[in-house]
Amino acid sequence: MKKFLSLALALIMALAMFAGCAQQGAENAAEEPAAEEAPAEAPAEQPAEEAAAATVFPLTVKDQLGNEVTLEHAAERIVSGYYISSSTCIALGLKDKLVATEEKIDKRPIYKLAAPELIGNVGNVGSAKAFDLEACIAAEPDLVILPKKAKDYAATLTEMGIPAIVVNPESHEKLVEMVNLIAQLTGAEEKATALTARYDEVMKKVEGLTANIADADKPTVYMCGTSSYLTTAPKDMYQASVVTSAGGKNAGDSLEGDSWTDISYEQFIAMNPDVIIIPTNNMANGQPDFTADEVLSDEQLKEVTAVKNGAVYNMPTGFEAWDSPVPSGVLGMLWMTAKLHPEVYTMEEFAADAADFYKTFYGFDMDTSSILGETVEKAA
């Protein structure tokens, strides 16, 4: 009881002192001449980038599926179960906050180049198809980032009180949206501003390079899937936008959907593309299981214009899948422009632009020899 009374007395005294200080402060304020008050416009002197970075927490946002997610503070422990969001975290300077990632990061070149310290030192939460919920929880994240295929796991985590967002960057606009969303939740707005500003520069550059190309001179481009060359990108897939931006016509625009779509030989022949592009494998460390030679030697495709002219090109390996919506996806647009329209943009120019991008946002010096030494595979 004595202890309780002592505490109560101390509280009363503290409140009295506070009230006295407040009253004295009010009296002093009243004595100040009005002319010496700070001008109302003074806060405008704060740098714009500092004002933009002042995100207030707790913060509630909507992810790219429209789910509401609330964070009490900027995320410090991030689990990324998607190679695209993991690469985004690296580009935004957040690799030190990654406590677990998707599987097989030792197979993806971008980790060896830009974040070797993560290999073997962070948790493994599997893949979108086989997400390891237990490993995710064990990493004690305060933010989990998952792809659309793992949306059910995101819902489960949210129900457990672990903030989880779903990202689905199936267009350049959605890629930018994803970058800004992750930045907002992690305090990386300044990096995001620089990255998206570079996107704008690249988009304007590509637009300018292709502005005077007549529609008749824009080749029809067939983007192969990674599993088979009888799989292609429909009109709402990110890869379709890469082709269009680079001054081409996506052969799969007659197909609905936003994921790789299987087609028949009859459909392939009807599309009759001028150019066939083979992306890297899913890890970007090599080509898919099929080769350009297989496409060129397929008797059922011998009348296709691209096959007759030997216009079957492999995208460069050893960096990232530039046909996908990774933060470096804009390099895919530049590479495609150089491949489709070398008269307006050369591969040498592309190599310089790509090296500058990776040095600026990923911090490593890119070896461009494989790009400059590449050859166009043609029919014998």
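Fair warning: this is a prediction, and the values are worked out from it, not measured in the lab. Side-chain atoms are counted along with the backbone in the values below, which use heavy atoms only and exclude waters and symmetry mates.
- Side chain of Asn281 to backbone of Asn285: a donor-acceptor contact under 3.5 angstrom is found.
- By the rule that hydrophobic residues join a cluster once side-chain heavy atoms approach within less than 4.5 Å of another member, Val79 and Leu181 end up as members of separate clusters.
- Of the options Lys359, Lys205, Arg198, a salt bridge (charged side-chain N to carboxylate O under 4.0 Å, His left out) to Asp353 is made by Lys205 and by none of the others.
- Criterion: ILVMFWY side-chain heavy atoms under 4.5 Å apart, direct or through other members. Under it, Leu175 and Tyr82 are part of a common hydrophobic cluster.
- Side-chain contact between Asp262 and Ser228 is absent, with no heavy-atom pair separated by less than 4.5 Å.
- Contact of the Val61 side chain with the Leu185 side chain is registered, since non-hydrogen atoms from C-beta on lie closer than 4.5 Å.
- Inter-residue side-chain proximity for Asp274 and Tyr222 is flagged as unmet; no heavy-atom pair is nearer than 4.5 Å.
- Within 6.0 Å of CG in Asn282 there are 12 or fewer heavy atoms belonging to other residues, nucleotides or ligands.
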(message) Evaluate Trp322 against Phe350 for ring-ring contact (aromatic ring centres under 6.0 Å, His included), listing each step before the verdict.
(response) CA-CA 13 Å; Trp322 291 334; Phe350 165 71; 5.4 Å; yes
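- When side chains are defined from C-beta on, Gln184 counts as touching Leu59, because their heavy atoms get closer than 4.5 Å.
- Tested against Leu146, the residues Ile165, Val125, Leu157 include a single side chain to side chain contact (heavy atoms under 4.5 Å, CB included) partner, Leu157.
- Residues Gln64 and Glu177 form a side-chain contact, since some pair of their non-hydrogen atoms from C-beta on lies under 4.5 Å apart.
- In this structure the side chain of Thr196 reaches within 4.5 angstrom of the side chain of Asn180, judged on heavy atoms.
- Between Tyr229 and Cys224 the shortest side-chain heavy-atom distance falls below 4.5 Å.
- Remark: Lys204 does not engage Glu207 in a salt bridge, criterion side-chain N to carboxylate O under 4.0 Å.
- The pair Asp106-Lys112 fails the salt-bridge criterion, with no side-chain N (NZ, NE, NH1 or NH2) lying under 4.0 Å from an Asp/Glu carboxylate O.
- Side-chain atoms of Asp289 never come within 3.5 Å of backbone atoms of Ser227 as a donor-acceptor pair (strictly under, hydrogens ignored).
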